[in-house]
Every structure is written in structure tokens, then in C-alpha cells.
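Reading through the C-alpha cells given below for one structure.
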Amino acid sequence: MNSIALIREFLDERLGVASEKVVSDAQLVDLGVDSLMMLELLFAFEDRFGIKVPNDLENPNSVGDMVAAMDGLITAANAS
């Protein structure tokens with residue numbers, strides 16, 4: 001599973017958002033992601049990939065921002 005698949009699965013399970021709506025330029029708030037949901041998504045990412053999300057991670061605004069943040073953390077973890 002990659003980061004976009006995780007986001008699509010999470011939003012479908014939690015909010016019933018169809019996967020075709022989870023595209024790069026979609027704003028997370030427009031998909032129903034509030035601050036609590038963002039935390040749950042980040043925890044799901046940590047559990048799935050075994051990677052700790054730093055406390056100072058800037059909150060992503062769009063699905064593309066979230067994918068970039070997750071992919072960056074995966075790349076950094078694989079490099080170390």
C-alpha cells in the first residue's frame with residue numbers, strides 16, 4: 001500500500017468519501033477532514049508504515065500535500 005491508497009481507504013472507511021474524489025488537488029477540509037480526523041489519519045499512517053510523524057509536521061491542506069508529507073517521511077525513513 002502506498003500513501004494515496006492509505007488516504008483513500010481511510011476516507012472511504014471513516015467518511016464514506018468515494019476514492020475518485022480523493023485526488024491531489026482536493027482540499028482535505030472539503031472532504032470532511034477536521035483536526036481530529038487529521039490526527040486519526042496520521043496515526044493510521046504511523047501504524048501502517050511504522051514511521052513516527054514528527055510533532056512539528058505542518059498540517060497539509062490538500063490530498064497532494066498529505067501524500068507529499070507521507071512520501072517524504074517514508075523516503076527519510078528508508079534512507080536512514
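Keep in mind that the numbers below use all heavy atoms, side chains included, and drop hydrogens, waters and symmetry copies.
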Atom pairs and distances, donor-acceptor, side-chain atoms in residues 64-72, under 3.5 Å, two or more places apart:
unit_1 : atom_1 : unit_2 : atom_2 : d
Asp65  : OD1    : Ser62  : OG     : 3.4
Asp65  : OD2    : Asn61  : N      : 3.2
Asp65  : OD2    : Ser62  : N      : 3.2
Asp65  : OD2    : Ser62  : OG     : 3.3
Asp71  : OD1    : Ser3   : OG     : 2.7

Distance-only donor-acceptor pairs under 3.5 Å for side chains of residues 36-58, two or more places apart:
unit_1 : atom_1 : unit_2 : atom_2 : d
Glu46  : OE2    : Val53  : N      : 2.7
Arg48  : NH2    : Glu9   : OE2    : 3.0

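With side-chain heavy atoms closer than 4.5 Å counting as contact, directly or through intermediates, Val29 stands alone and belongs to no larger hydrophobic cluster.
Contact record, Ile4 with Val63: CD1-CG1, 3.5 Å, taken as the closest heavy-atom pair.
Ile7 pairs in a side chain to side chain contact (heavy atoms under 4.5 Å, CB included) with only one of the listed residues (Val22, Leu31, Asp12), which is Val22.
Counting only residues at least two apart or in different chains, ring pair (Phe, Tyr, Trp, His ring centres under 6.0 Å) contacts with residues 11-36 are absent. Residue pairs that meet the salt bridge (charged side-chain N to carboxylate O under 4.0 Å, His left out) test with at least one member in residues 15-38, sequence neighbours left out, do not exist here.
Note: the hydrophobic cluster containing Val23 does not contain Leu6 (ILVMFWY, side chain heavy atoms under 4.5 Å, direct or indirect links).
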